[in-house]
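Working notes, structure below.
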Amino acid sequence: TPKFAKKLKGNVCSLLYTNASKDNYYHWLTDVLPKIGILQKTNLFNKINFFLIHGKHKNFQSESLKLLNIDNRKLIDANKFNHIYAENLITVDHPFMKKNFLLDSKSLPPWISEWYKKKLIKFKQTKKKNILVLRKNSQRRKILNENELTRYLKSKSFKPVYLEDLSFKKQINLFAQANIVIGLNGAGLSNLFFSNRKTKVIEIMFKNSNLAICGISKSSKLKYYNFFLDQTKVNRNKNQDGEGIINIEKFKKKLMKLI
């Protein structure tokens, strides 16, 4: 191992956390970036020479690190360098996990959302928007009558958005100005970290969906509601994934109580 280990002088901080944070937006925002926030509360942050990360091949990874003023020259890709030799290796506690990730993610600490808003929202918020978050070409989770839902919500002045088409900064701005957010359970709703208090959220979900987005909403002091699909298909080995139909009439009644 010493023969091909990457040798690094100075202080190396590891931001690694399982393979899930390698390309998953939710895990990047909950497990990786908040470690920088923890580090910034110490006198070590300005002494870090390198940050060890899972990668920066996704646009949201490179964009978010740049917005947090992390110098690209300090980034070491653990996918490229499986072994490193550091003079000093610094690790950071997980931002919220104590025993069980699924249980702990239901009650995230409020400081994460507060830290994001302080560090990343640099503009004066203008007119509030109602948005419908859609999933482009998703094979894991589908609303079979999504077109019907979209038509109805457009008639109520909701703007359909595909987050895959937006830069990280534009996603921040979109959610920071949101009044009501509606979307199917998924990583894109992690942007609720950037929403203002009392923003209303309706998460469309299956009965077996995880409660991660609920955890973000509650820690950010948002007004969270859920709406269950009539599930028609369960993806094998992943009972929180599949296909379902939304009961439009029931959904209308729920929405009208919020508008």
Side-chain angles (χ1 to χ4, degrees), residues 12-40 45 48 50-72 74-81 90-97 101-102 104-121 133 135-136 138 140-141 161-176 181 183-195 203 209-217 219-220 240-241:
V12 179
C13 177
S14 172
L15 298 179
L16 302 181
Y17 174 74
T18 76
N19 232 21
S21 61
K22 183 178 178 180
D23 53 17
N24 183 278
Y25 193 75
Y26 169 83
H27 288 287
W28 182 257
L29 290 185
T30 57
D31 307 330
V32 178
L33 294 187
K35 289 186 176 185
I36 296 173
I38 294 174
L39 195 64
Q40 287 176 339
F45 181 74
I48 301 299
F50 299 100
F51 292 92
L52 186 64
I53 61 174
H54 267 303
K56 52 180 179 177
H57 57 288
K58 295 283 187 178
N59 288 337
F60 67 78
Q61 294 170 326
S62 56
E63 282 187 67
S64 58
L65 291 168
K66 184 177 180 180
L67 287 173
L68 290 169
N69 296 316
I70 304 297
D71 192 331
N72 186 62
K74 289 186 175 183
L75 301 177
I76 302 298
D77 188 347
N79 296 303
K80 183 177 180 181
F81 301 104
I90 298 167
T91 60
V92 183
D93 284 345
H94 191 278
F96 63 86
M97 189 174 71
F101 184 88
L102 290 177
D104 293 335
S105 63
K106 295 178 186 179
S107 54
L108 299 180
W111 74 260
I112 298 178
S113 179
E114 293 167 1
W115 176 72
Y116 274 132
K117 291 181 177 70
K118 181 179 178 181
K119 293 291 181 180
L120 298 178
I121 299 177
V133 178
R135 295 166 65 92
K136 183 180 287 188
S138 174
R140 291 178 55 196
R141 297 171 200 160
V161 294
Y162 290 102
L163 299 181
E164 300 93 324
D165 295 337
L166 302 179
S167 67
F168 181 68
K169 188 173 183 179
K170 286 184 177 180
Q171 290 183 56
I172 292 174
N173 294 350
L174 179 69
F175 277 75
V181 178
L184 181 62
N185 170 268
L189 292 181
S190 305
N191 285 303
L192 290 166
F193 273 129
F194 311 121
S195 294
E203 181 184 17
S209 295
N210 63 59
L211 297 177
I213 300 305
C214 177
I216 291 176
S217 300
S219 72
S220 303
Q240 67 176 356
D241 293 342

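- Annotation: side chain of Trp115 is in contact with side chain of Ile36 (closest heavy-atom distance under 4.5 Å).
- Residues Lys35 and Leu15 come closest through the heavy atom pair CB-CD2, 3.8 Å.
- Two residues are said to be in side-chain contact when any heavy atoms from C-beta on lie closer than 4.5 Å; Phe50 and Leu75 fail this criterion.
- Dense packing is recorded around CG of Asp165, with more than 12 heavy atoms of other residues, nucleotides or ligands lying under 6.0 Å away.
- Considering all non-hydrogen atoms of both residues, Ile216 and Tyr26 come closest at CD1-CE1, 3.8 Å.
- For the atom pair Asn173 CG and Leu166 CG, the distance stands at 10.0 Å (nearest 0.5 Å).
- Asn191 places none of its side-chain heavy atoms less than 4.5 Å from the side chain of Val181.
- Nearest heavy atoms, Ile121 versus Ala176: CD1-CB, 3.9 Å.
- At a threshold of 4.5 Å between non-hydrogen side-chain atoms, the residues Val12 and Ile48 do not count as touching.
- A pairwise comparison of heavy atoms in Ile112 and Pro34 identifies CG2-CG, 3.9 Å as the closest pair.
- Side-chain contact check for Lys117 and Ser113: at least one donor-acceptor pair (N or O, by modelled atom type) lies under 3.5 Å.
- In this structure, the separation between OG on Ser190 and CG on Asn24 is 7.5 Å, given to the nearest 0.5 Å.
- Among all heavy-atom pairs drawn from Ala212 and Asn210, the shortest one is N-OD1, 3.1 Å.
- Scanning both residues, Leu67 and Lys169, for their nearest heavy atoms gives CD1-CB, 4.4 Å.
- A cation-pi arrangement is found for Lys136 relative to Tyr162, the charged atom lying closer than 6.0 Å to the ring centre and inside a 45° cone about the ring normal.
- The OG atom of Ser217 sits 7.0 Å away from the CD atom of Glu203 when rounded to the nearest 0.5 Å.
- For Asp31 and His94, the side-chain atoms include at least one donor-acceptor pair closer than 3.5 Å.
- Taking CD1 from Ile38 and CG from Leu33, the interatomic distance works out to 11.5 Å, rounded to the nearest 0.5 Å.
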| task | Verify side chain to side chain contact (heavy atoms under 4.5 Å, CB included) between Cys13 and Leu52, making sure each step is shown before the conclusion. | result | CA-CA 6 Å; Cys13 177; Leu52 186 64; over 6 Å; no
| request: Using the side chain to side chain contact (heavy atoms under 4.5 Å, CB included) rule, take Val92 and Tyr17 through it: C-alpha gap first, then chi angles, then the decisive distance, then the call. | output: CA-CA 10 Å; Val92 183; Tyr17 174 74; over 6 Å; no
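- Separating the CZ atom in Arg140 from the CG atom in Leu184 is a distance of 10.5 Å, to the nearest 0.5 Å.
- Residues that satisfy the side-chain contact (heavy atoms from CB on, under 4.5 Å) test with Phe60, not counting sequence neighbours, are Tyr25, Trp28, Lys58, Phe168.
- The aromatic rings of Tyr116 and Phe193 are tilted relative to each other, their planes meeting at an angle between 30° and 60°.
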| said: Go through it in stages, so that I can follow the logic: the residues are Ile76 and Phe81, the test is side chain to side chain contact (heavy atoms under 4.5 Å, CB included), and I'd like the CA-CA distance, side-chain angles, deciding distance and then a yes or no. | reply: CA-CA 8 Å; Ile76 302 298; Phe81 301 104; 4.0 Å; yes
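- Under a 3.5 Å cut-off, the side chain of Arg141 and the backbone N or O of Asn185 do form a donor-acceptor pair.
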| task | Using the side chain to side chain contact (heavy atoms under 4.5 Å, CB included) rule, take Lys66 and Asn72 through it: C-alpha gap first, then chi angles, then the decisive distance, then the call. | result | CA-CA 7 Å; Lys66 184 177 180 180; Asn72 186 62; over 6 Å; no
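- The shortest side-chain heavy-atom distance between Lys170 and Leu174 does not fall under the 4.5 Å cut-off.
- Counting heavy atoms from C-beta outward, Val133 and Leu189 have side chains that approach closer than 4.5 Å.
- Glu63 is listed as a side-chain neighbour of Ser167, based on a closest heavy-atom distance under 4.5 Å.
- Taking 4.5 Å as the limit, some side-chain heavy atom of Leu68 sits within range of a side-chain heavy atom of Lys119.
- In this structure, the separation between OG on Ser209 and CG on Asp241 is 8.0 Å, given to the nearest 0.5 Å.
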